Amino acid sequence: MARVKDKIVQLRQKKALIELGGGQERIDAQHEQGKMTARERLHLLFDNAFFDELYSFSTHRATSFGMTGKSLPADGVVTAIGAVRGRLVYASSQDFTVMGGSVGAVHASKVVDVMEMALKAGVPYVGINDSGGARIQEGVDSLDGYGRIFYYNTLLSGVVPQVSIIAGPCAGGAAYSPALTDFIIMVEGTGQMFIAGPEVIKEATGEVISAEELGGAYAQATHSGNVHFIARDDAEAITLVQTLLSYLPSNNTEDPPAVPAGGELVMIEDENLNSIVPDDPRAPYDMFDILHRVFDAGTMFEIHSHYARNMICCFARLNGRVVGVVANQPMERFGSIDIDASDKASRFIRFCNAFNIPLVSFVDVPGFMPGIEQEFGGIIRHGAKMLFSFSAATVPKVSIVVRKAYGGAYLAMCAKSLGADRVAAWPTAEIAVMGAEGAVSVLFRNEIKPAADPNEKRKELIEQYRDEFETPYVAAARGLVDAVIEPKDTRMYLSIALESLRSKRDIRPQKKHGLIPL
């Protein structure tokens with residue numbers, strides 16, 4: 001009979017073999033590619049490099065085709081629970097050293113189990129993807145495993161935050177689990193994400209493209225917008241996860257975490273804000289110059305920074321409390337709203353609403369982007385997503401009209417009529433159905449044409465229209481703007497408005513869900 005001491009030694013040996021994954025040679029190969037191993041990533045993610053590994057002795061179904069006698073420690077995925085900056089988080093990390101991190105039935109069951117635990121505990125879930133895809137040897141069992149993962153991604157959606165890291169290949173059906181999560185972080189150079197790889201595309205369509213050009217970090221962040229953040233390496237990807245989670249509540253029944261100063265109103269007047277908007281209404285300026293001066297220093301955390309840059313979406317703190325910021329960027333496409341900007345903003349708005357994060361809009365929008373490509377691409381449907389998202393949001397909503405606020409695009413940035421709780425305008429605000437040039441051409445064409453100098457008459461009427469109608473005071477007179485404020489007072493206005501809305505309750509008709517124009 002084996003002694004207890006011998007059994008403990010045996011346990012240690014088994015654990016050591018499991019922790020070695022696919023073996024030292026494959027670990028070395030992983031490092032040579034600039035990649036961490038599955039457990040190294042988790043040690044970096046969790047506080048004090050400590051995590052409790054779950055189901056470490058699980059292994060594959062040996063009866064699967066060609067799998068008899070194979071050793072697959074932990075079945076190619078490490079599942080764990082630990083603390084991230086003091087708060088509980090569940091995570092899974094695929095182990096590429098074990099059969100390329102391929103997904104089989106047991107592998108999938110481990111991932112599903114930690115997702116279910118995260119759901120029950122009401123804590124975030126982080127998935128680190130580094131996998132060759134479905135384990136072909138397990139056939140439909142592998143396919144079923146992916147389906148169960150997708151199903152739980154959907155169950156967790158809107159209940160607990162879900163964050164994905166793409167630290168290696170993520171091809172075919174494997175790409176859909178990250179796509180179902182809230183945020184995707186991809187590692188530059190090693191992460192790749194696509195449904196059909198370059199060889200398949202070449203065979204099917206004749207198009208030639210490299211894997212990096214097709215599914216690399218910059219391709220997925222700039223062209224498709226699938227990726228929210230680009231990391232230089234695994235370590236930076238982990239840091240981004242930790243920072244992102246610091247802005248988010250653990251679940252949809254909690255408020256986002258406030259820093260120790262939360263609740264203390266810091267009334268700061270910034271005279272520089274009074275001179276940021278140019279005198280020339282056509283001249284661009286950087287909206288970030290405003291945002292950095294209004295919100296707590298060093299707290300701006302931009303989402304989707306490489307995609308649809310004409311729309312800014314970011315988390316920030318005001319007096320220590322988290323807000324979601326949606327703002328037009330005049331430096332890009334004059335701040336107009338196109339298809340991509342609509343999708344980017346709508347997704348962010350819905351996330352903030354799901355997780356009790358107040359929304360603040362900074363408006364300088366000349367309209368929806370015109371053009372045949374935009375019309376045929378469905379700008380009407382995509383723009384309607386913003387209207388739907390802001391209208392459906394029940395969190396506190398405050399809008400600041402900085403300059404242009406024209407037509408339906410102004411409404412889409414959360415006007416009073418879309419349920420904004422507070423709306424303030426700077427004296428530079430131009431709130432109208434359309435710009436002065438377009439309005440004058442429509443309204444006064446019969447006066448301009450017979451004039452002795454049509455161009456001079458047109459200029460005169462444009463100036464007259466601007467003075468009378470393109471101001472915040474008409475909207476303020478009708479109660480569509482609550483206040484016209486000096487730019488330097490913006491932080492004070494937002495502080496008081498958001499503090500007064502902290503106990504807001506917005507009762508809506510009972511229904512399963514609204515039908516957003518997808």
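From a predicted model like this one, the values you see are computed outputs, not experimental measurements. Values below: every heavy atom of this structure, side chains too, minus hydrogens, waters and symmetry copies. Just so you know, residue 1 is the first one in the sequence shown, and it goes up from there.
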Set of residues satisfying ring pair (Phe, Tyr, Trp, His ring centres under 6.0 Å) with respect to F355, sequence neighbours excluded: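 F355 satisfies ring pair (Phe, Tyr, Trp, His ring centres under 6.0 Å) with F351 only.
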
Is the NZ or CZ atom of R317 positioned over Y247's six-membered ring, under 6.0 angstrom from the centre and within 45° of the axis?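 The answer is yes, since R317 meets both limits relative to Y247.
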
Quick one: does [X]'s side chain have a donor or acceptor within less than 3.5 Å of a partner on [Y]'s backbone?
X: S361; Y: V363; result: no
X: Q242; Y: L45; result: yes
X: N353; Y: T394; result: yes
X: T428; Y: V402; result: yes
X: N251; Y: V159; result: no
X: N129; Y: I165; result: yes
X: S275; Y: N272; result: yes
X: E213; Y: S210; result: yes
X: S389; Y: M386; result: no
X: K344; Y: A308; result: yes

Is it true that, when you exclude [X] itself, more than 12 heavy atoms of the residues, nucleotides or ligands shown sit nearer than 6.0 Å to its [atom1]?
X: Q33; atom1: CD; result: yes
X: D280; atom1: CG; result: yes
X: R478; atom1: CZ; result: no
X: R232; atom1: CZ; result: no
X: K504; atom1: NZ; result: yes
X: F334; atom1: CZ; result: no
X: F150; atom1: CZ; result: yes

Stepwise side chain to side chain donor-acceptor pair (under 3.5 Å) check, R422 with S500: CA-CA 10 Å; R422 302 281 190 278; S500 70; 3.2 Å; yes

Kindly say whether the aromatic ring centers of F295 and F315 come within a distance under 6.0 Å.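 When the ring centroids of F295 and F315 are compared, they turn out to be at least 6.0 Å apart.
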
Step by step, work out the ring-ring contact (aromatic ring centres under 6.0 Å, His included) result for F301 and F229. CA-CA 11 Å; F301 187 64; F229 303 95; 5.3 Å; yes

Just verifying a value: how many Å separate [X] [atom1] and [Y] [atom2], rounded to the nearest 0.5 Å?
X: E302; Y: I312; atom1: CD; atom2: CD1; answer: 6.0 Å
X: L501; Y: I496; atom1: CG; atom2: CD1; answer: 12.0 Å
X: I400; Y: F362; atom1: CD1; atom2: CZ; answer: 5.5 Å
X: Y307; Y: H228; atom1: OH; atom2: NE2; answer: 10.0 Å

Hey, mind stepping through K35 and D233 against salt bridge (Lys or Arg N to Asp or Glu O under 4.0 Å) and telling me if it holds? CA-CA 8 Å; K35 297 162 63 177; D233 51 30; over 6 Å; no

Would you kindly say whether [X] and [Y] are connected by a side-chain donor-acceptor distance under 3.5 Å?
X: E486; Y: N274; value: yes
X: N310; Y: Q329; value: no
X: T205; Y: E207; value: yes

May I ask you to say whether [X] pairs ionically with [Y], meaning some side-chain N is under 4.0 Å from a carboxylate O?
X: K397; Y: D421; result: no
X: D338; Y: R333; result: yes
X: D270; Y: R293; result: yes
X: R508; Y: D506; result: yes

Before giving the answer on side chain to side chain contact (heavy atoms under 4.5 Å, CB included), spell out for M287 and H292 the whole-Å C-alpha distance, their side-chain angles and the decisive distance to 0.1 Å. CA-CA 9 Å; M287 182 62 79; H292 284 299; over 6 Å; no

Could you go step by step and tell me if D130 and R41 meet the salt bridge (Lys or Arg N to Asp or Glu O under 4.0 Å) rule? CA-CA 11 Å; D130 188 0; R41 289 164 178 155; 3.1 Å; yes

Ignoring hydrogens, what is the shortest heavy-atom contact between P249 and D255? Give both atom names and the distance.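 Reported closest heavy-atom pair: CB-O, 3.5 Å.
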
For C313 versus A345, what's the shortest heavy-atom pair and its separation?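 Taking C313 first and A345 second, the nearest heavy atoms are SG-CA, 3.8 Å.
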
CA sep, side-chain torsions, deciding dist, call: Y125, S92, side chain to side chain donor-acceptor pair (under 3.5 Å): CA-CA 8 Å; Y125 166 71; S92 65; 2.6 Å; yes

N/O donor-acceptor pairs under 3.5 Å from side chains in residues 179-196, not counting sequence neighbours:
from	atom 1	to	atom 2	distance (Å)
T181	OG1	S164	OG	2.9
T181	OG1	P178	O	2.5
D182	OD2	Q162	N	2.8
T190	OG1	A167	O	3.4

Partner set under side chain to side chain contact (heavy atoms under 4.5 Å, CB included) for E375, not counting sequence neighbours: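 Only I379, I380 meet the side chain to side chain contact (heavy atoms under 4.5 Å, CB included) criterion with E375.
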
Verdict with reasoning, D364 to R403, per salt bridge (Lys or Arg N to Asp or Glu O under 4.0 Å): CA-CA 5 Å; D364 187 350; R403 190 168 63 174; 3.0 Å; yes

